[in-house]
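Only one structure is covered here, and it is reproduced in the block below.
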Amino acid sequence: MDNTVTWFEVASDDPEGAQRFYGGLFGWTFERAEGPIDYRLVGRPGVGHPVGGLYNTEGAFPSHAIFHVQVADVEETCAQSEALGGKVLTKVIDDGAGTDFAYLRDLSGSVFGVFHRR
(Lines give C-alpha, C1' and ligand atoms only; values in the text may rest on other atoms or scores of the structure.)
Protein backbone atom coordinates (compact mmCIF):
# COMPACT_ATOMS: atom_id res chain seq x y z
CA MET A 1 0.00 0.00 0.00
CA ASP A 2 3.01 2.29 -0.33
CA ASN A 3 2.43 5.65 -1.99
CA THR A 4 -1.26 5.54 -1.07
CA VAL A 5 -3.25 7.90 1.13
CA THR A 6 -4.12 5.55 3.98
CA TRP A 7 -4.57 7.92 6.93
CA PHE A 8 -5.89 11.36 7.72
CA GLU A 9 -5.52 13.53 10.75
CA VAL A 10 -7.63 16.28 12.20
CA ALA A 11 -5.75 18.45 14.69
CA SER A 12 -7.77 20.71 16.96
CA ASP A 13 -7.44 22.70 20.15
CA ASP A 14 -11.04 21.59 20.83
CA PRO A 15 -11.00 17.82 20.31
CA GLU A 16 -14.34 17.35 22.08
CA GLY A 17 -15.99 19.81 19.69
CA ALA A 18 -14.27 18.24 16.67
CA GLN A 19 -15.37 14.81 17.82
CA ARG A 20 -19.01 15.97 18.13
CA PHE A 21 -18.86 17.71 14.73
CA TYR A 22 -17.28 14.90 12.68
CA GLY A 23 -19.13 12.19 14.57
CA GLY A 24 -22.45 13.90 13.89
CA LEU A 25 -21.61 14.75 10.28
CA PHE A 26 -20.09 11.45 9.14
CA GLY A 27 -20.96 8.92 11.85
CA TRP A 28 -17.30 8.56 12.82
CA THR A 29 -16.45 6.95 16.15
CA PHE A 30 -13.50 7.84 18.37
CA GLU A 31 -11.34 5.78 20.69
CA ARG A 32 -8.53 7.20 22.80
CA ALA A 33 -5.15 5.78 21.77
CA GLU A 34 -2.73 4.71 24.47
CA GLY A 35 0.21 7.01 25.00
CA PRO A 36 1.23 10.31 26.51
CA ILE A 37 -0.65 12.56 24.04
CA ASP A 38 -4.37 13.05 23.52
CA TYR A 39 -4.78 11.19 20.22
CA ARG A 40 -8.07 9.58 19.29
CA LEU A 41 -8.37 6.90 16.64
CA VAL A 42 -11.17 7.56 14.16
CA GLY A 43 -13.43 4.70 13.11
CA ARG A 44 -15.85 4.60 10.23
CA PRO A 45 -19.07 2.57 10.12
CA GLY A 46 -18.52 -0.79 8.43
CA VAL A 47 -14.71 -0.65 8.65
CA GLY A 48 -13.01 -2.82 11.26
CA HIS A 49 -9.89 -0.69 11.76
CA PRO A 50 -9.05 2.98 12.42
CA VAL A 51 -8.95 5.19 9.32
CA GLY A 52 -7.57 8.38 10.85
CA GLY A 53 -6.79 10.29 13.98
CA LEU A 54 -7.92 13.28 15.99
CA TYR A 55 -5.02 15.07 17.69
CA ASN A 56 -5.38 17.56 20.54
CA THR A 57 -3.02 20.44 19.69
CA GLU A 58 -3.58 22.00 23.12
CA GLY A 59 -3.19 25.33 21.32
CA ALA A 60 0.46 24.65 20.40
CA PHE A 61 -0.25 25.21 16.68
CA PRO A 62 -3.24 26.01 14.46
CA SER A 63 -6.03 23.51 13.93
CA HIS A 64 -5.86 21.72 10.59
CA ALA A 65 -6.77 18.59 8.67
CA ILE A 66 -4.26 16.77 6.45
CA PHE A 67 -3.80 13.51 4.63
CA HIS A 68 -0.95 11.05 5.16
CA VAL A 69 0.67 8.88 2.50
CA GLN A 70 2.12 5.51 3.49
CA VAL A 71 5.64 5.16 2.05
CA ALA A 72 8.40 2.55 2.07
CA ASP A 73 11.02 4.89 3.58
CA VAL A 74 10.23 8.24 5.23
CA GLU A 75 13.79 9.60 5.03
CA GLU A 76 14.10 8.71 1.34
CA THR A 77 10.72 10.29 0.61
CA CYS A 78 11.80 13.48 2.41
CA ALA A 79 14.97 13.61 0.30
CA GLN A 80 12.98 13.05 -2.91
CA SER A 81 10.54 15.78 -1.92
CA GLU A 82 13.36 18.29 -1.44
CA ALA A 83 14.93 17.27 -4.76
CA LEU A 84 11.60 18.05 -6.44
CA GLY A 85 11.38 21.48 -4.77
CA GLY A 86 9.27 20.55 -1.75
CA LYS A 87 10.13 21.39 1.85
CA VAL A 88 10.49 19.07 4.82
CA LEU A 89 8.75 20.73 7.76
CA THR A 90 9.72 18.13 10.36
CA LYS A 91 12.54 15.66 10.44
CA VAL A 92 11.55 12.02 10.72
CA ILE A 93 9.72 11.46 13.99
CA ASP A 94 9.49 8.05 15.69
CA ASP A 95 6.17 7.88 17.53
CA GLY A 96 7.50 5.19 19.88
CA ALA A 97 4.85 2.72 18.73
CA GLY A 98 6.42 1.54 15.48
CA THR A 99 5.63 4.38 13.11
CA ASP A 100 8.00 6.94 11.60
CA PHE A 101 6.44 10.06 10.11
CA ALA A 102 7.27 13.52 8.77
CA TYR A 103 5.38 16.58 7.56
CA LEU A 104 6.17 18.06 4.14
CA ARG A 105 5.07 21.06 2.09
CA ASP A 106 4.46 20.81 -1.65
CA LEU A 107 5.29 23.45 -4.28
CA SER A 108 2.01 25.31 -3.74
CA GLY A 109 2.36 25.39 0.05
CA SER A 110 0.00 22.53 0.94
CA VAL A 111 1.08 20.49 3.96
CA PHE A 112 0.81 16.69 4.01
CA GLY A 113 2.27 13.83 5.98
CA VAL A 114 4.20 10.70 5.08
CA PHE A 115 4.62 7.66 7.30
CA HIS A 116 5.97 4.14 7.49
CA ARG A 117 4.89 1.46 9.99
CA ARG A 118 7.72 -0.85 11.01
Which heavy atom of Thr57 sits nearest to which heavy atom of Pro62, and what is that distance? CG2-O, 4.5 Å
Indicate if Trp7 and Met1 have the same hydrophobic cluster label, given that clusters are the connected sets of ILVMFWY residues with side-chain heavy-atom separations under 4.5 angstrom. no
Within a radius of less than 6.0 Å around CD of Glu9, do more than 12 heavy atoms belonging to other residues, nucleotides or ligands occur? yes
For Asp14, does its backbone N or O pair with a side-chain atom of Ser12 as donor and acceptor, under 3.5 Å? yes
Give me the one residue out of Thr77, Val114, Val74 that meets side-chain contact (heavy atoms from CB on, under 4.5 Å) with Val92. Val74
Nearest 0.5 Å please: distance from the CG atom of Leu107 over to the CG atom of Leu84. 7.5 Å
Thr99 side chain to Asp95 main-chain N or O, any donor-acceptor pair under 3.5 Å? no
Quick one: do Phe112 and His68 satisfy side-chain contact (heavy atoms from CB on, under 4.5 Å)? Show the steps, please. CA-CA 6 Å; Phe112 63 99; His68 293 263; over 6 Å; no
Which distance, rounded to the nearest 0.5 Å, do you find between the OG1 of Thr90 and the CZ of Arg105? 11.0 Å
Please round to the nearest 0.5 Å and tell me the distance separating atom CG of Asp2 and atom CG of Asp73. 10.0 Å
Residue pair Val71 / Asn3: nearest heavy atoms and the distance that separates them: CG1-OD1, 3.9 Å
Does this structure show an ion pair linking Arg118 with Asp94, if we count only N-O contacts that are shorter than 4.0 Å? yes
Closest heavy-atom pair and its distance - Ile66, Val111: CG2-O, 3.7 Å
Throw together a table of side-chain donor-acceptor distances under 3.5 angstrom for residues 41-55, partners on residues two or more places apart or in other chains.
none

Please report the interatomic distance CZ(Phe115) to OG1(Thr6), rounded to the nearest 0.5 Å. 3.0 Å
With sequence neighbours excluded, what pairs up with Glu16 under the salt bridge (charged side-chain N to carboxylate O under 4.0 Å, His left out) test? Arg40
Taking the side chain from His116 and the backbone from Ala72, do they hold a donor-acceptor pair closer than 3.5 Å? yes
For the student: nearest non-hydrogen atoms of Lys91 and Val88, plus distance: N-CG1, 4.4 Å
Evaluate the side-chain proximity of Val10 to Tyr22: yes if any heavy-atom separation is below 4.5 Å, no if none is. yes
Can you measure from CG (Asn56) to CG (Asp13) and round to the nearest 0.5 angstrom? 7.5 Å
Distance alone, cut at 3.5 Å: any donor-acceptor contact between the side chains of Glu34 and Tyr39? no
Distance col, row Ser110:OG vs Leu104:CG, nearest 0.5 angstrom, shows 12.0 Å
